[in-house]
2 protein chains.
Amino acid sequence: MANILAIDDDAAILRLIKKMLEMKNHTVTTIQDIKDITIAEINKHHLLLLDVMMPGEDGFDICTKIRPLIHIPIIFMTAKSDESSIIKGLSIGGDDYIIKPFSIHEVNARIEAHLRREARPKREAASAFIDNNIFIDLEAKKVIFQGQEITLTKIQYKICELLALHKGKVFSKEGIYEAVYSMDSDSQISTVVEHIRVIRKKFAQYNLSPINTVWGVGYIWE
Amino acid sequence: MANILAIDDDAAILRLIKKMLEMKNHTVTTIQDIKDITIAEINKHHLLLLDVMMPGEDGFDICTKIRPLIHIPIIFMTAKSDESSIIKGLSIGGDDYIIKPFSIHEVNARIEAHLRREARPKREAASAFIDNNIFIDLEAKKVIFQGQEITLTKIQYKICELLALHKGKVFSKEGIYEAVYSMDSDSQISTVVEHIRVIRKKFAQYNLSPINTVWGVGYIWE
DNA sequence: TTCAATGTTGATAGAGTCTTGATGTTTTAT
DNA sequence: ATAAAACATCAAGACTCTATCAACATTGAA
């Protein structure tokens, strides 16, 4: 039983979806215009059904725009059945793509699959992959790029793990220091700067530069 | 670049899948019999492609059995295209269902979507809001337009946040100064004017001009 | 204990940001 | 129409934060 948000310009389709999903005991909010809802409100739902062909801003545009801020699955529902549209939809951040006219049962099965997956506890993965590109082996405490290990020292690895597992979040030097060092240690903050430099140097050997500087704030992995 | 496991009884199909995904820089392990691999080994991969029709235990049986122990996405790949099979596959724990013969590009797009989703950090709803299609992420302290960040410096961002959060309200230069600067700083008011100019310039690159001048009073976001 | 690897520090160069004043432009009031 | 006031623009340089490097300290393994 989830809160599902459906956005479509066609009121009849919205009614159908709503009726159908409410029969499965979901709560459904329907919206005809994206402007009627805020990002925060979207995130309060568990899943977003998004029509593609709408007057003005279409579903692809909306997805591109909101995806970085939305943390729920986005499922496109559209009559556009050509392969390039499917690929586009999935590429810009869609989690699934359902073609109209759709089978009520399949839609429901797909929604259930997505909801189940959201609920699935993220076990402590032995390896996390960042950007589909850099692997971080949390057990072995290693960073691997294209099958090759980028050898890091303990502190260097810890900093990388912290930043990489929270990619997109800015960490201040102080924040990094506190996360990586034990309470009682009292080095100067500038050691963090030095570690960052060495880490960057090592990554640069592989033409990687994942750590960016946010001026006056700190460092960010992106 | 992920470690992908493909299970199918047909060696030819496995070769095809392997070749295709390796072209996309994934690492692919192929298995013809589920008995050749352990649960722990499966979990070391990032995604499982599972054939349905196999002699002995079929894909559905396997999925049912291992799903509670497997934490990676499972994608069925099968020629069984009838609705009830799709629904069954998704119901018993499959995360997606691809029908043979498949489009290489669509398979890849779906795999990418699943991998991206695994990498997606589970975050609280970001406290962000929209205005004129401009997103302001109060947590990340970023301004985003059409998925792209408009890079602002610290002070520039603060001014934008102040104005945008109170859109429709006019702020005097003095008001902006006091809101953005710390007590003890004593710059001239004209620096605010300069900041506004640079902010406008940055927004103008995207054909945006959210900040208007109210003569003799101050600035307003609308 | 010794040596090599790693971690820390401070000095300095470098890059990014902020501020200022001079100057040009637009608006308002007379 | 003109002057005064408010705002916009620009470039220079002051300022702040970051990157780099080399020297020194510490740790850990042989």
Side-chain angles (χ1 to χ4, degrees), chain A residues 140-143 149-163 170-205 208-222, chain B residues 141-143 149-163 170-205 207-222:
Chain A
K141 305 287 180 192
K142 284 179 180 176
V143 173
E149 181 186 351
I150 299 177
T151 49
L152 298 175
T153 68
K154 241 162 88 178
I155 292 180
Q156 287 160 17
Y157 170 79
K158 274 192 182 179
I159 292 174
C160 282
E161 184 184 301
L162 175 70
L163 294 179
V170 186
F171 286 85
S172 67
K173 290 194 272 281
E174 289 75 13
I176 293 172
Y177 184 88
E178 280 172 27
V180 168
Y181 288 73
S182 65
M183 314 282 191
D184 55 337
S185 67
D186 62 330
S187 306
Q188 287 181 221
I189 290 301
S190 64
T191 73
V192 172
V193 179
E194 174 63 6
H195 284 306
I196 293 284
R197 185 181 73 87
V198 178
I199 292 167
R200 280 174 166 164
K201 204 172 167 187
K202 289 184 176 178
F203 277 99
Q205 293 173 344
L208 298 171
S209 52
I211 299 175
N212 288 359
T213 300
V214 181
W215 253 80
V217 187
Y219 299 98
I220 185 172
W221 184 294
E222 43 185 19
Chain B
K141 304 286 179 192
K142 284 180 179 177
V143 174
E149 181 186 351
I150 299 177
T151 49
L152 299 175
T153 68
K154 247 163 76 177
I155 292 180
Q156 287 160 17
Y157 171 80
K158 276 191 183 179
I159 292 174
C160 283
E161 183 185 303
L162 175 70
L163 294 179
V170 185
F171 286 85
S172 68
K173 291 194 272 283
E174 289 75 14
I176 292 172
Y177 183 88
E178 279 170 28
V180 168
Y181 287 73
S182 64
M183 313 283 189
D184 55 337
S185 65
D186 62 329
S187 306
Q188 289 178 223
I189 290 300
S190 65
T191 74
V192 172
V193 178
E194 173 63 6
H195 280 128
I196 293 285
R197 185 182 73 86
V198 178
I199 292 167
R200 280 173 167 164
K201 202 173 167 187
K202 289 184 176 178
F203 277 100
Q205 293 173 344
N207 286 318
L208 298 171
S209 53
I211 299 175
N212 288 359
T213 301
V214 180
W215 256 80
V217 187
Y219 298 97
I220 185 173
W221 183 291
E222 48 184 12

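Each chain gets a letter, A, B and so on, in the order the sequences are listed, and its residues count up from 1.
Rounding to the nearest 0.5 Å places OG1 of Thr153(B) at 5.5 Å from NZ of Lys202(B). Taken to the nearest 0.5 Å, the CD atom of Glu222(B) stands 11.0 Å off from the CD1 atom of Ile211(B). The NZ atom of Lys201(A) sits 11.0 Å away from atom CD of Gln156(A), with the distance rounded to the nearest 0.5 Å. Remark: Thr151(A) OG1 to Gln205(A) CD distance equals 7.5 Å, nearest 0.5 Å. A distance of 11.0 Å separates NZ of Lys154(B) from NZ of Lys141(B), quoted to the nearest 0.5 Å. To the nearest 0.5 Å, atom CG of residue Leu208(A) and atom CD1 of residue Ile199(A) are 13.0 Å apart.
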Within the 4.0 Å limit for protein heavy atoms, which parts of nucleotides 20-30 of chain D are touched? Write it as a string from 5' to 3', B for base, S for sugar-phosphate only, - for none.
BBB--------
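Residue-level contact check: Val192(A) touches neither bases nor backbone, having no heavy atom under 4.0 Å from any strand. Across all strands, Ile155(A) comes closer than 4.0 Å only to sugar-phosphate atoms, never to a base (heavy-atom distances). Here Thr213(B) lies in heavy-atom contact (under 4.0 Å) with sugar-phosphate atoms only.
Under the side chain to side chain contact (heavy atoms under 4.5 Å, CB included) rule, Val170(B) has a single partner from Val214(B), Leu163(B), Asn212(B), which is Val214(B).
Atom P of nucleotide dA6(D) and atom CD1 of Ile189(B) are separated by 14 Å, given to the nearest angstrom. The separation between Gln188(B) atom CD and dC7(D) atom C1' is 15 Å, rounded to whole Å. When the P atom of dC7(D) is taken as reference, atom CD1 of Ile176(B) falls 11 Å away, rounded to whole Å. Here the P atom of nucleotide dT18(D) and the CG atom of Asn212(A) are 14 Å apart, to the nearest Å. The interatomic distance linking Ile196(B) (CD1) with dC10(D) (P) rounds to 16 Å, in whole Å. Remark: P of dA6(D) and CD of Glu174(B) are 11 Å apart, rounded to the nearest angstrom. Rounded to whole angstrom, the span from the OH atom of Tyr181(B) across to the P atom of dT16(D) amounts to 13 Å.
Take Val180(B) and apply the side chain to side chain contact (heavy atoms under 4.5 Å, CB included) test, not counting sequence neighbours, and it matches Ile155(B), Lys158(B), Ile159(B), Ile176(B). Qualifying ring-ring contact (aromatic ring centres under 6.0 Å, His included) partners for Tyr177(B), counting only residues two or more places apart in sequence or in other chains: Tyr181(B).
End-to-end axis angle for the helix from dT1(C)-dA30(D) to dT30(C)-dA1(D), using five pairs per end and rounding to 10°, comes out at 30°.
Residue Tyr219(B) places at least one side-chain N or O closer than 4.0 Å to OP1 or OP2 of dA8(D). For the OP1/OP2 pair of dA6(D) and a distance below 4.0 Å, the side-chain nitrogens and oxygens of Lys173(B) include no atom meeting the criterion.
With a heavy-atom cut-off of 4.0 Å to chain A, the contacted part of DNA chain C has its first and last nucleotide at dT6(C) to dT17(C).
Looking at Tyr157(B) and Lys142(B), their side chains never come closer than 4.5 Å, going by heavy atoms from C-beta outward. Under the 4.5 Å side-chain criterion, counting only non-hydrogen atoms from C-beta, Phe171(A) is not in contact with Ile220(A).
Listed by first then second residue, pairs satisfying ring pair (Phe, Tyr, Trp, His ring centres under 6.0 Å) with a partner in residues 183-202 of chain B number zero, not counting sequence neighbours.
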